[in-house]
Amino acid sequence: MLIRAVLGFSIVETLALAGMLLWWADRVAGARLLAAFLSGIALWMAGNELPNWLGPGSADVAMAMIGFSPLTSAFFFHFCVVFCGVRLPRWGVAAAYLLGGSATLAVQLVSPGELVWREHVGLIAIANTVGMVASMAWVLLGLGGIAVLLTALARARRPAFNQIAAVTASCLWGVVCLSGYGIVVLDLPLYPFPLLGLPLYPVILVYGILRYGVFVSNAWARRALAWALLLALGAVVVALTPLLPIESRWIGGFVVAISCIALNGPVRQFAERLVYPGGAVSAGDLQVWRQALQSADSMAALESEASTLLSRRTGTEVRVLLGAEGVQPPAAVPCLLGAPSSQGWTIALHGWEAAPPGPRRVAELFGTVVADAAERVAQGEQIAARERERQLQARLAELGSLAATVAHDIRNPLNIIAMAVATASPDVRREVAGQVGRIAHLSSDLLDYAKPWKLVPQRYDLAAQVRAAAARLPHCTLGAALQAPLWIDGDPRRVDQALTNLLENARAASGAEAGVDTPVAVHIDAEQRADSVLLHVCDDGQGVPEEIRHRLFEPFASRSPGGTGLGLAIVARTLAAHGGSVALTQRPPWTTCFTLTFPLHDANPS
């Protein structure tokens, strides 16, 4: 009989789902209460079926099993209160258990009904007066639980709204299924077809609860859902085999086995869609994403292309941010945050808490493709950086060789020129000496810039070094931060060279070298930060022309009077060698200000 097979499968399925809930009880609020409720449902169905399995002699045991239904409804009411987070006084839950427990005790002491025969279902319990009173108790408790669900549903937001809606829908489905028993009890001339949908009731209930809390994050739970659906279909196939024009049990079993094997793939795909509706991603989708991201040759281009692809797929604006440490992602826009790690690039979802599982699943799979693309782009950028460094070192080596040759070959002509004017007038000798000095200075700077550097770092007080350098320049003031020690790790000789170049630039801006009495005020100040020390060297001279600001630290970009054009380039190289940087900054009222950043690798000594 089809109904017999369906009800038997429903009992086994309900107990299995109750066990699943107990296994993942720490993931869902009220999971143990729901497991107790499902166990009570299985007990009630088993009580109805026991006389058909063992005969009328089991009527007393069957009635006792059915009599636990009011207590089962009390578990349901308590679960709804806990699951929805409703603040109900303790006496409210206690009253529910008191009502359910009293009704259960009553039907255990007095028989709640008798067994009668009905077509299609066989023996079934028909309630007497005591049974009707007990039935009213579990109906009231069930309606109370549904009222709690509807109240919470009206106030909830996603994803809690989806969970509560699924539980409410399962309750309504359960009412529809139980109407089949009403057809039987009232002895209506109808087939109790609603009972055939009973196996779906616990599945819908547990799915609605575990979908967000367990199924999305646990692969074993998704497999369990697939197996539950496959077993349900298998039971249907078993129930339908008597309708086949085949009497052999071997052939019937073979048909059942082939049917289950054929349904395995579609059922698993269906289970995946249940967990991730709208989140199905095929191998073709992954290939299309990989090809689209292949053209990105920088992190900025990869961010832009990935954001466009994912936004188009999910139908909402999505941002992809790669390697943006310390940048706060926008709160109103879901983001994929990528960062390098020892295991490669990792992608984290930010702002996806309210998104349905489907788009979240798409974002997770898309993130794996973005991580691979980011790893490729990062490696490409590293290779390009190494190639640029190699080319730079090659150019510097070539320039160094040339500079060494020029510096060596130019000394003799300079000496000859200096000796040739020894008998000339003082003005001529002074002019020639000045020009010879400039040529010698240029060759020295050129040789210093071009040759390979080897830093000799040590821990020393930058503030003391600045105070000593500033003493050599008139009209130079120091900020308060330079009166206390500023400990850094650096090469004092190279840092002093950089400071000297900056102060020489400030002296040149005053016109002092040309003999013009227009002294410029120079101010040096510092900032102590958690990870760096900033040194500001400012003056109120003529300022830096706008046309050379973007290439100010390139060789020969700036040619101050008497300068070689390499001073600022040497400053930039010095700071880069220390892992820091130099920049032209704005610090009113000063017209020119250079900010040197020295990184801190260790805590400053006390």
Side-chain angles (χ1 to χ4, degrees), residues 385 388-389 391-397 399-400 403-404 407 441-473 476 478 482 486-509 522 524-529 531-539 544 548-560 562-585 592-602:
R388 287 194 298 270
E389 180 66 20
Q391 294 178 0
L392 175 61
Q393 293 301 325
R395 288 196 298 270
L396 289 177
L399 182 59
H441 188 194
L442 174 60
S443 61
S444 176
D445 276 358
L446 186 61
L447 183 61
D448 185 58
Y449 180 78
K451 70 182 179 181
W453 282 10
K454 184 177 181 181
L455 297 180
V456 184
Q458 64 185 60
R459 174 61 63 102
Y460 75 97
D461 182 8
L462 177 64
Q465 185 181 43
V466 171
R467 291 195 296 269
R472 302 193 295 264
L473 186 70
C476 182
L478 300 177
L482 289 169
L486 292 173
W487 297 95
I488 66 169
D489 290 309
D491 187 330
R493 187 177 68 85
R494 288 295 181 185
V495 174
D496 186 69
Q497 182 184 17
L499 288 173
T500 300
N501 286 346
L502 291 176
L503 295 178
E504 285 295 325
N505 276 0
R507 190 168 71 91
V522 179
I524 308 176
D525 203 353
E527 292 182 48
Q528 176 78 62
R529 295 186 177 178
D531 58 349
S532 60
V533 171
L534 272 60
L535 189 67
H536 307 289
V537 181
C538 308
D539 65 64
V544 178
I548 66 170
R549 284 177 175 264
H550 66 284
R551 55 186 184 90
L552 186 60
F553 299 102
E554 296 177 3
F556 310 112
S558 173
R559 295 301 299 271
S560 58
T564 64
L566 288 172
L568 292 179
I570 292 175
V571 172
R573 190 176 178 197
T574 300
L575 269 294
H578 285 78
S581 63
V582 59
L584 181 65
T585 56
T592 304
C593 186
F594 293 98
T595 297
L596 284 66
T597 302
F598 296 90
L600 295 180
H601 304 292
D602 299 314

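All values below were derived from every heavy atom in this structure, side-chain atoms included, with hydrogens, water molecules and symmetry-related copies excluded. Everything numeric in this text was worked out from a predicted model, so none of it was measured.
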What I'd like to find out is whether the side chain of [X] reaches to under 4.5 Å of the side chain of [Y], using heavy atoms alone.
X	Y	answer
Tyr460	Val495	yes
Leu600	Ile488	yes
Thr597	Leu534	yes
Leu503	Ile524	yes
Val533	Glu527	no
Thr592	Val537	no
Val466	Leu486	no
Leu584	Phe594	yes

Taking all non-hydrogen atoms of both residues, which atom of [X] and which atom of [Y] are closest, and how far apart?
X	Y	answer
Ala577	Leu455	O-CD1, 3.3 Å
Leu535	Ala526	CD1-CB, 4.1 Å
Ala498	Val571	O-CG2, 3.6 Å
Pro599	Gly579	CG-O, 3.5 Å

To the nearest 0.5 Å, what is the distance between [atom1] on [X] and [atom2] on [Y]?
X	Y	atom1	atom2	result
Thr500	Asn505	OG1	CG	11.0 Å
His536	Leu482	NE2	CG	10.0 Å
Leu502	Ile570	CG	CD1	11.0 Å
Ser532	Leu596	OG	CG	12.0 Å

Tell me whether Gln465 contacts the main-chain N or O of Pro492 through its side chain, where contact means a donor paired with an acceptor under 3.5 Å.
yes
Flag, side chain of Asn501 to backbone of Leu568, donor-acceptor distance under 3.5 Å:
no
Please determine whether side-chain contact (heavy atoms from CB on, under 4.5 Å) holds for the pair Arg472 and Leu499, giving the CA-CA distance in whole Å, both sets of side-chain angles, and the decisive distance to 0.1 Å.
CA-CA 11 Å; Arg472 302 193 295 264; Leu499 288 173; over 6 Å; no
Between Asp489 and Phe598, does a side-chain contact (heavy atoms from CB on, under 4.5 Å) hold up when you go through it step by step?
CA-CA 8 Å; Asp489 290 309; Phe598 296 90; over 6 Å; no
If we count only N and O atoms by modelled type, under 3.5 Å, do the side chains of Gln497 and Arg494 hold a donor and an acceptor together?
yes
